[in-house]
Structure formats: C-alpha cells, structure tokens
Amino acid sequence: MPETHSTAYDSKVEGNVIFTRFDAALNWVRKNSLWPMPMGLACCAIELMATAASRFDIARFGAEVMRFSPRQCDVMIVAGTVTYKMALAVKRIYEQMPEPKWVIAMGACASTGGMYRSYAVLQGIDQLLPVDVYISGCPPRPEALLAGLMKLQEKISRERALKRQKPELVERLEEALT
Amino acid sequence: MTGEELFKSLAESFAEKIQRKTEFRGETTYTIATNDLREIATFCRDELAFDYLLDITSIDNFGEEPRFVIVYALYSMPHAIHLRFKLHVSEDVGVVDTVSDIWPTANWHEREIYDMMGIKFNGHPNLRRILMWDGYPFFPLRKDFPLQGLPSEMPDVAFTKITPLEGGPFVTVPSTATSKDREPRARAPEL
C-alpha cells in the first residue's frame, strides 16, 4: 500500500494560518472596530446614546468607543440638525479625523434638513461632507442606527483599501510582480 | 394689595403716560410710550412688586406705522398677577431703552429681539446676536424676510443658502386618510 504524504501540511502551524487577500484582512479589522465621532446636534443624539447603552449595545458591532477627539475616530455619526452656524464647525471636525474615515448621516435632518425648511438649517450634511450611509427616521430607532452601521460595515468590507490609500505601493508591487 | 389696587396705583401715578388700557380674560395690558418705559418699569418692580419678567417679545406689523410692537410680560410673585406693557416702535427710530438692569433676565430677551427683529436697546451691556452669528446681515423674523432665507457668506465662519421649498408652504390637509396621505407636503393651500 503506497504511503501518502501531504506536502503542504505542517503540524506546527496547522490551525494558525489562514489565506486571504490583504484588502479583506484589512477591511475585516477596520469594520469591526469603528470608533465613532458622536456628532450629536439634536434629538438624534439621544437615540445615539441609547444605541450605545446596555439595551441595544453598539459594542456588539465593535463601535462602542465613542471618542470626543476627532483625531481618534473612524466614523462620524452626524446625529441631528446641522444649522449653518454649526456647519463649518462640523466640517472642521471631520477634516481633523485621520484617513480612512466614513460619515453616517443619522436621521432626516442630517440627511436632508428634515422638517426644517428654514433660513438657519443646512439642507443635508452631504452638501459639506461625503456621506456613506443615510439613516431615515425622526429620530431613527437604535435598531435603525445599528442597521446603518452594518450597512457601513458591508461597504467597508467591499472597499479596495490598499489600492485606494496606498496607490504608489500597489503600483510598485505590480511592477515587481510582472 | 389686590390686583385692582395695584392697577389703580399705577394709573394714578402715571395717568398722563398710559396711552391705552385693555383687559382680556382678567389680564391687563397698558400701552405706553418708549420714553416712559424705564420709569414705569422701575415703579412696577419697586412699588408694585412685579418682580418677575416673564418675557419680552416683538411683533412686526409690516406695512403699518409704527411698524414694531414690543410686549413686556410681567408677573408679580407676591400678588400672583400678570401685567403687560406694549410699546410701539417705528422702523426709523428702532431703539428702545434697556430694562436689563431692572430685570437681569431681560438681557437675553433683548439680544434675541435684536437678533431676530433688528430693534436696538439703549444701554444694553452686551448687545450682540444670540442665535445667528455676528456678521449675519439679515433679521430673519421680519415679515419682509423670505421664508426660504437669503444667501449670505462669511468665509470660515458661516454661510447660508436659499432653502428649496419645492412649491411650499407645507400644509397638512385634515382628513381621515392614512398618515401617509395626511402628512405635510408641498401643496398649494386651498383658499
């Protein structure tokens, strides 16, 4: 009876090695530890707090670390009515967040101005920032915010992270491989 | 003192300065001239114990002269009585004496009136805008200010744009239809 050998098998590392794409690993790490910037501007912020609290527990999705310094944040959750007086301050805080960064427009006001068709209210934060996920509701239930967060996680997992953020590195790698 | 005695005392002290007295549902309103405001206000606080200024508000009767009305709503804690003063202010004058040293709460009320209506207050310690930012060029609660706003620009501070009303105003039509059909939409109001 011929003896069989599995050449790729190495008992020392078995179970400790996985093969994946670099992007997939990077995105997996990123999407499961999103640190939100809680840009609470109105009543949506109350729902945001409820989402973070024990009953809904945003920690189940790895986004429990609300940071009040934009330098430590990945995702800005714009929760509430953005007045013109506040608009440029929101933009400035967004600009202080390090790349890669995402924006969730939570609720009707942040998405479109909502019921405030008014001289004082910016008609949607997407006029200033690139919004990734819009959440409907006035204010949205915590479940809706969690659903929005999951949508953002899906979006992040589809991103070509390396190529987008390190184009020179990818170019050099491609040259070296051809 | 009862309410009647209070108002009698006020009427006797300022007989020639009270232009008009109206009563509605047990609440008394006096119309006075802008020049007499501080004198009457001090009397009301010190002699009649109107120690609580509930609110100051302003009305824009656009197209009439004088254009603005300022309303002072007073309350007396010891007597549990309301009292209202009305002042007529023309647009050309546009200045009223402050009462923020008589009732400190008037400070922010007067700032709000200045911000929204553009009426100035003589002697106010800190007459800056309170809701909009310093340098915003309009007074939004005036009747000739359009509902959708006007564009303005202050680089690095704030900007405003015209709001898309999409044929508004937004009206709700009373009916027994579902909430989806009842909710406010941009419809021409049925006149």
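In what follows, every chain begins at residue 1, and chains take the letters A, B, ... in the order their sequences are listed.
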Transitively linked via ILVMFWY side-chain contacts under 4.5 Å: A/Ile104 with A/Val131? no

In terms of hydrophobic clusters joined by side-chain contacts under 4.5 Å, are A/Phe61 and A/Val65 together? no

Specify which of A/Gln123, A/Met86, A/Met115, A/Arg92 makes the most heavy-atom pairs with chain B at under 4.5 Å. A/Gln123

Can you tell me if NZ on B/Lys21 sees more than 12 non-hydrogen neighbours from other groups inside 6.0 Å? yes

Among B/Phe145, B/Phe138, B/Phe139, which residue satisfies the ring pair (Phe, Tyr, Trp, His ring centres under 6.0 Å) criterion with A/Tyr119? B/Phe145

Of all the residues in residues 150-162 of chain B, which have a heavy atom that comes within less than 4.5 Å of a heavy atom in chain A? B/Asp156, B/Val157, B/Ala158, B/Phe159, B/Thr160, B/Lys161

More than 12 heavy atoms of other residues, nucleotides or ligands under 6.0 Å from CZ of A/Arg60: yes or no? yes

B/Met132 side, atom CE; A/Lys85 side, atom NZ - distance, nearest 0.5 Å: 8.0 Å

Could you tell me whether A/Phe56 atom CZ has more than 12 heavy atoms of other residues or ligands within 6.0 Å of it? yes

Residues of residues 99-130 of chain B with any heavy atom under 4.5 Å of a heavy atom in chain A: B/Met116, B/Ile130

Pick from A/Ala120, A/Ala87, A/Ser118 with the largest number of heavy-atom pairs that fall under 4.5 Å of chain B: A/Ser118

Do other residues, nucleotides or ligands put more than 12 heavy atoms under 6.0 Å from the NZ atom of B/Lys86? no

Cluster check A/Met39, A/Ile135: I/L/V/M/F/W/Y, side chain < 4.5 angstrom: no

Are B/Ile59 and B/Ile32 connected, step by step, through hydrophobic side chains (Ile, Leu, Val, Met, Phe, Trp, Tyr) whose heavy atoms are closer than 4.5 Å? no

Determine whether more than 12 heavy atoms belonging to other residues, nucleotides or ligands lie under 6.0 Å from atom CZ of A/Arg67. yes

Please answer: with hydrophobic residues joined when any side-chain heavy atoms are less than 4.5 Å apart, are A/Met106 and A/Leu152 in the same cluster? yes

Quick one: of B/Pro140, B/Pro146, B/Gly149, who has the most non-hydrogen atom pairs under 4.5 Å with chain A? B/Pro140

With only heavy atoms counted, which part of B/Tyr136 is less than 4.5 Å from chain A, the side chain, the backbone, both or neither? side chain

